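Here the structure is laid out as structure tokens; the discussion comes afterwards.
This structure is a prediction, so every number in the text was calculated from the model and none was measured. Below, chains carry the letters A, B, ... as their sequence lines are ordered, and counting in each starts from 1.
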Protein chains: 2
Amino acid sequence: MRIGQLAQLAGVDIQTIRFYERQGLLPPPNRQDNGYRTYKADHAERLLFIRRCRSFGMSLEEIGVLQSYQEQPQQPCTAINALLDTHITQVRAQIASLHALENQLVTLRSCCDNERQSLDCGILSGLLEGDKTLS
Amino acid sequence: MRIGQLAQLAGVDIQTIRFYERQGLLPPPNRQDNGYRTYKADHAERLLFIRRCRSFGMSLEEIGVLQSYQEQPQQPCTAINALLDTHITQVRAQIASLHALENQLVTLRSCCDNERQSLDCGILSGLLEGDKTLS
DNA sequence: TGAAAACCATATAGCAGGTATAGGGTCAAG
DNA sequence: CTTGACCCTATACCTGCTATATGGTTTTCA
């Protein structure tokens with residue numbers, strides 16, 4: 001299978017595949033005489049693994065770590081669990097800080113009723129003065 | 001005041017100040033004979049404004065737009081309100097998608113009990129197979 | 001047969017919002 | 001008179017791609 005077909009199969013851009021290869025996440029495939037990359041089912045699996053991890057918000061570095069665990073099937077998987085736990089913790093922290101941000105933004109928004117000049121806009125002055133009610 | 005003092009006052013890196021200047025968010029300050037930048041209270045206010053907006057998750061482009069409204073105090077401030085409303089909407093969408101992600105991650109995490117080999121780890125196989133329970 | 005479309009290759013630059021580094025000039029204190 | 005703290009510019013790096021320039025190959029269709 002050539003790179004275009006693999007890209008379509010996995011729903012990614014061709015460039016992205018070459019990028020993963022440069023990053024060491026996809027092993028370099030064989031080449032045809034003309035230099036074209038030729039992929040097998042193996043590569044497709046790995047690519048889909050990467051995309052699935054990405055959809056879980058994992059970094060390419062984390063994915064590399066996971067791949068290394070795949071290659072050592074005898075090792076205990078505590079590290080995998082730890083990686084995921086860390087990740088979940090991070091996501092929860094992000095959610096919490098976004099909630100706080102939302103509250104601040106809503107408070108700030110309530111400072112202006114839409115019917116003024118910029119001069120009197122409570123939002124701009126809120127941003128200028130660092131109002132105590134906002135943090 | 002020199003750049004180091006301004007940086008300390010605003011709690012930012014010196015490089016960041018120069019970066020904002022290059023981006024057109026901070027007006028170029030006067031220079032001493034030796035080329036050192038000299039800032040006044042005005043600059044400090046603008047820098048703090050930028051940082052406050054950044055802490056609200058606004059992009060540098062959005063901040064530039066807000067600054068342009070500051071410079072036209074006679075204009076109605078509907079656009080400012082709209083900018084903030086858009087921003088709030090985006091934050092809420094982010095929160096929602098992070099919540100969904102959190103659920104998926106927790107489900108994935110529950111596939112492994114920590115006591116196996118990588119080979120049998122439910123997390124790795126979940127990532128490999130694209131389990132239906134996960135999406 | 002020949003030209004255009006569709007595919008592939010590499011190398012390089014760009015996005016955001018900075019941060020870091022290299023290689024210098026300036027200035028005050030000991 | 002040298003050390004250290006400060007400042008300057010220019011440039012590269014970070015993440016995770018995406019886009020562009022430039023060129024080779026293969027397929028298709030008239």
*Where do R54(B) and T16(B) land on the side-chain contact (heavy atoms from CB on, under 4.5 Å) test, with the steps shown first?*
CA-CA 12 Å; R54(B) 289 289 300 133; T16(B) 305; over 6 Å; no
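- Closest to the R51(B) side chain, of the nucleotides dA19(D), dG18(C), dG17(C), is dG18(C).
- Residue F19(A) places its side chain closer to dG16(D) than to any other of dG18(C), dG16(D), dT9(D).
- In this structure, CD1 of I63(B) is placed 13 Å from P of dA16(C), rounded to the nearest angstrom.
- One can find a donor-acceptor pair under 3.5 Å joining the base of dG24(D) and the side-chain atoms of Y36(A).
- Atoms CZ (R31(A)) and P (dC8(C)) sit 12 Å apart, rounded to a whole Å.
- No continuous path of hydrophobic side-chain contacts links Y36(A) to L9(A) [ILVMFWY only; heavy atoms under 4.5 Å].
- The phosphate of dG18(C) has OP1 or OP2 within less than 4.0 Å of a side-chain N or O from Y20(B).
- To the nearest angstrom, P of dC7(C) lies 15 Å from CE of M1(A).
- For dT19(C), one of the phosphate oxygens OP1 or OP2 lies less than 4.0 angstrom from a side-chain nitrogen or oxygen of T16(B).
- Checking the phosphate oxygens (OP1, OP2) of dT10(C), a side-chain nitrogen or oxygen of R37(A) falls inside 4.0 Å.
- When heavy atoms are screened at a 4.0 angstrom cut-off, R18(B) is found touching base atoms of the nucleic acid.
- Atom CD1 of I3(A) and atom C1' of dT10(C) are 12 Å apart (whole Å).
- In terms of position on DNA chain D, the residue among Y39(B) and L60(A) whose nearest nucleotide sits closer to the 5' end is Y39(B).
- Atoms CD1 (I14(B)) and P (dG18(C)) sit 16 Å apart, rounded to a whole Å.
- Between I3(A) and I17(A), the shortest heavy-atom distance links the atoms O-CD1, 3.9 Å.
- Checked against dC8(C), dT10(C), dA20(C), the side chain of R2(A) finds its nearest nucleotide in dC8(C).
- What separates CD of Q32(A) from P of dC7(C) is a distance of 15 Å, to the nearest Å.
- Of the possible donor and acceptor atoms, none in the side chain of E71(A) sits under 3.5 Å from a partner among the backbone N and O of S68(A).
- A donor-acceptor contact closer than 3.5 angstrom links the side chains of R46(A) and Q67(A).
- Taking atom CD1 on I17(B) and atom P on dC8(D), their separation rounds to 9 Å, with Å as the unit.
- Rounded to whole Å, atom P of dG14(C) lies 13 Å from atom CD of Q23(B).
- Place D13(A) and N34(A) on DNA chain D by their nearest nucleotides, and D13(A) ends up nearer the 5' end.
- Residue R54(B) is classed as a sugar-phosphate contact, given heavy-atom separations below 4.0 Å to backbone atoms only.
- Judged by atom type and distance alone, Q15(A) reaches the base of dT20(D) through a side-chain donor-acceptor pair under 3.5 Å.
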